[in-house]
Amino acid sequence: MSLKLSDFLTDPLVQVTVNSLSNAEGVPMLKQYQVDNNPVIRTLVDTRALDSHTAAVLAAEEMVRGHDKKLWEPLVPEPIQHIVGLLTAEVTSPMEGLALLVKDGSPSALKIAAAGVAFGSTGETFKSVKRMLSAEDMSRTADMLVTTSIPLVDKLAVEKTFRHLSPQLLGLLVEGLNNLQHHVTDADVKKNMDASLSNLKTEVTREIQLPKNPKAPKP
């Protein structure tokens, strides 16, 4: 059963994580408004995909972002150490961070990766991005994000790890990638994503039915 926003801070693993990291110098306690305003958390809640482990990971990332890693890293609870390390790794772009999560392939990593792509490519958030970017920049962004997302889609389909995602999150991810496809200018990228999405839909529909109109989280 997915956690709700109102249940986030009372989850036992989240509480252990928050209490441990609050002992790090300069790291404040996690507040409810931070949870409410975290787009990945909200996306996972809205798509009924937020489990305790993933919640603890995201709680840790929210708390330690911008703080000295040497001070908080030893205090991260062992069950989430690896994935928190991935989320806080030094990367040159969000695309590189997404690639790290996809390569890891653990349930929490895939949920966070899928939620990040879905949030940025659906609903009002996607409309806002399109308004802000020129057509050229939008195409460049779509090319990069779709290219980075192909390994995610392939992993979900080939390794059947789509089972870690809720139908609602899967549906939102597919909708988002379809939105991005309209702005892709690289023919090979478009062709590869078309094939990957087709394969994913085939594998998914053997077990579950995707929602027709998944609800995108508000920005």
Side-chain angles (χ1 to χ4, degrees), residues 1-18 21 27-67 80 83-84 86-88 91 94-95 97-98 100-102 104 106-133 141 145 148-149 152-153 156 161-180 210-219:
M1 184 175 180
S2 176
L3 293 176
K4 299 177 182 179
L5 284 175
S6 57
D7 298 330
F8 190 96
L9 290 177
T10 59
D11 175 81
L13 185 52
V14 170
Q15 287 188 329
V16 168
T17 301
V18 169
L21 288 174
V27 176
M29 288 290 286
L30 184 64
K31 304 296 184 182
Q32 185 65 46
Y33 77 87
Q34 294 173 282
V35 175
D36 296 341
N37 292 324
N38 185 302
V40 173
I41 293 175
R42 292 206 331 270
T43 300
L44 291 173
V45 168
D46 289 349
T47 57
R48 304 175 193 172
L50 185 62
D51 63 282
S52 179
H53 186 276
T54 307
V57 169
L58 292 169
E61 183 201 16
E62 184 70 43
M63 289 181 72
V64 305
R65 191 185 306 129
H67 294 281
I80 64 170
I83 184 72
V84 173
L86 293 178
L87 287 176
T88 55
V91 294
M95 307 305 173
L98 176 64
L100 287 177
L101 293 173
V102 174
D104 178 70
S106 64
S108 287
L110 294 177
K111 284 185 178 184
I112 293 168
V117 174
F119 177 81
S121 58
T122 58
E124 291 302 318
T125 301
F126 186 59
K127 292 177 183 178
S128 177
V129 170
K130 289 196 294 182
R131 286 193 296 267
M132 289 189 299
L133 297 181
T141 299
L145 188 51
T148 310
S149 297
L152 169 61
V153 175
L156 293 174
T161 46
F162 67 82
R163 294 166 181 159
H164 298 311
L165 278 58
S166 66
Q168 293 87 348
L169 180 53
L170 276 169
L172 198 65
L173 175 65
V174 170
E175 179 184 305
L177 290 172
N178 283 332
N179 288 339
L180 289 169
L210 293 176
K212 292 184 179 179
N213 296 300
K215 183 179 178 182
K218 295 180 181 180

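This is a predicted model, so every value here is computed, not measured.
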Please find the pair of heavy atoms, one from [X] and one from [Y], that lie closest to each other, and give the distance.
| X | Y | answer |
| --- | --- | --- |
| Phe162 | Leu170 | O-CD1, 3.8 Å |
| Ser108 | His53 | OG-ND1, 2.8 Å |
| Ala60 | Ile80 | CB-CD1, 4.2 Å |
| Leu210 | Pro167 | CD2-O, 3.8 Å |
| Gln168 | Pro211 | CA-CG, 4.0 Å |
| Ile112 | Leu101 | CG2-CD1, 3.9 Å |

### Message
So Glu62 and Val35, do their side chains get closer than 4.5 Å, heavy atoms only?
### Response
no
### Query
How about Leu98 and Ser149: do any of their side-chain heavy atoms sit closer than 4.5 Å?
yes
### Task
Keeping to residues at least two apart or across chains, list the salt bridge (Lys or Arg N to Asp or Glu O under 4.0 Å) pairs with something in residues 113-125.
Glu124-Lys127
### Residue pairs fulfilling salt bridge (Lys or Arg N to Asp or Glu O under 4.0 Å) with at least one residue in residues 110-122, sequence neighbours excluded
Asp51-Lys111
Can you tell me how far apart [atom1] ([X]) and [atom2] ([Y]) are? Round to the nearest 0.5 Å.
| X | Y | atom1 | atom2 | answer |
| --- | --- | --- | --- | --- |
| Leu180 | Leu145 | CG | CG | 5.0 Å |
| Leu100 | Met95 | CG | CE | 13.5 Å |
| Asp36 | Gln34 | CG | CD | 10.0 Å |
| Leu133 | Arg131 | CG | CZ | 11.5 Å |

### Task
Mark yes when over 12 heavy atoms from residues, nucleotides or ligands other than Arg65 sit less than 6.0 Å from its CZ; otherwise mark no.
yes
#### Entry: Leu156/Leu173 under side chain to side chain contact (heavy atoms under 4.5 Å, CB included): CA gap, chis, key distance, verdict
CA-CA 11 Å; Leu156 293 174; Leu173 175 65; 3.8 Å; yes
### Task
Please check if any side-chain donor atom of Ser121 sits under 3.5 Å from a side-chain acceptor atom of Asn179, or the reverse.
no
### Query
Run the side chain to side chain contact (heavy atoms under 4.5 Å, CB included) check on Met63 and Val18 step by step: do they pass?
CA-CA 8 Å; Met63 289 181 72; Val18 169; 3.9 Å; yes
For a quick test of your reading: what N or O donor-acceptor pairs under 3.5 Å do the side chains of residues 1-10 make, sequence neighbours left out?
| residue | atom | partner | partner atom | Å |
| --- | --- | --- | --- | --- |
| Ser2 | OG | Ala49 | N | 3.4 |
| Ser2 | OG | Leu50 | N | 3.1 |
| Thr10 | OG1 | Asp7 | O | 3.0 |

### Message
Given Leu44, which partner from the list Ile41, Val40, Asp46 fulfils the side-chain contact (heavy atoms from CB on, under 4.5 Å) test?
### Response
Val40
